[in-house]
Amino acid sequence: TCMLIREISELIQFIFVVTFTTFLVSCVEYDILFANKQLNHSQHVGEHNKVTLPDAFLPPNECCSSIQGNGILISMLVIAGVFWSHRMIKFIYNVFCYWEIGR
């Protein structure tokens, strides 16, 4: 059971890493995060507001269009999906092997 739990956690970890990396690449506006670009807050001239992470997140529709417009990212996501599918098939095969060993 420990081996199965390890393999399941590896599958989940892979999905998390790919999803989080895709989010960081496509859905964060780093110019706002690092103060290279001003936020459009209603503030007085000369007053500086602290920039937070949610200020740098793109809206969901812009994020989706950013992902869809990036061909390299799409191809990398397809490759990651094929790799994950291969790992999932291997996991299912290992479940049957462990089942036979346990009998």
Side-chain angles (χ1 to χ4, degrees):
T1 59
C2 289
M3 291 185 285
L4 287 176
I5 292 171
R6 187 194 78 225
E7 289 183 33
I8 290 171
S9 67
E10 287 174 359
L11 288 169
I12 293 170
Q13 178 185 8
F14 185 79
I15 290 173
F16 173 78
V17 168
V18 169
T19 304
F20 191 61
T21 303
T22 301
F23 174 77
L24 289 177
V25 167
S26 301
C27 301
V28 176
E29 193 166 354
Y30 289 100
D31 285 338
I32 289 177
L33 188 61
F34 294 120
N36 295 335
K37 183 177 171 185
Q38 291 293 326
L39 274 174
N40 214 5
H41 286 301
S42 57
Q43 63 184 23
H44 301 310
V45 177
E47 183 180 324
H48 296 286
N49 284 338
K50 185 175 183 177
V51 176
T52 60
L53 276 175
D55 293 333
F57 294 162
L58 293 175
N61 58 348
E62 287 183 37
C63 180
C64 288
S65 64
S66 173
I67 292 171
Q68 292 171 352
N70 191 340
I72 294 173
L73 180 62
I74 294 293
S75 61
M76 293 180 80
L77 289 173
V78 167
I79 292 169
V82 168
F83 178 75
W84 188 85
S85 298
H86 170 32
R87 296 279 306 262
M88 180 60 127
I89 292 169
K90 184 179 172 187
F91 167 74
I92 293 169
Y93 173 76
N94 286 341
V95 167
F96 288 115
C97 287
Y98 297 149
W99 183 287
E100 288 295 320
I101 291 172
R103 292 175 82 193

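Quick note: residue numbers are just sequence positions, from 1. The analysis underlying the following values was restricted to heavy atoms, covering all of them including side chains, and did not include hydrogens, waters or symmetry mates.
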Quick check: does any side chain N or O of [X] sit under 3.5 Å from a backbone N or O of [Y], one acting as donor and the other as acceptor?
X: S9; Y: R6; result: yes
X: S75; Y: G71; result: yes
X: Y30; Y: L24; result: yes
X: D55; Y: T52; result: yes

Looking at [atom1] of [X] and [atom2] of [Y], how far apart are the two atoms once the value is rounded to the nearest 0.5 Å?
X: T19; Y: F14; atom1: OG1; atom2: CZ; answer: 9.5 Å
X: E29; Y: E62; atom1: CD; atom2: CD; answer: 7.5 Å
X: L11; Y: S85; atom1: CG; atom2: OG; answer: 10.0 Å

May I ask you to decide if the ring planes of F20 and F16 are parallel, tilted or perpendicular, using 30° and 60° as cut-offs? parallel

Describe, in one word, how the ring planes of F23 and F57 are oriented to each other, choosing from parallel (under 30°), tilted (30 to 60°) and perpendicular (over 60°). perpendicular

Establish whether [X] and [Y] are linked, either directly or via other cluster members, by ILVMFWY side-chain heavy-atom contacts under 4.5 Å.
X: F91; Y: Y98; result: yes
X: I15; Y: L73; result: yes
X: I8; Y: M3; result: yes
X: F83; Y: L77; result: yes
X: V28; Y: M76; result: no

What is the minimum heavy-atom distance between I67 and T22, and which atoms define it? CD1-CG2, 3.9 Å

Heavy-atom nearest pair, L58 first then S26, reads CD1-O, 3.4 Å

For the residue pair N94 and E7, establish whether any side-chain heavy-atom pair is separated by less than 4.5 Å. yes

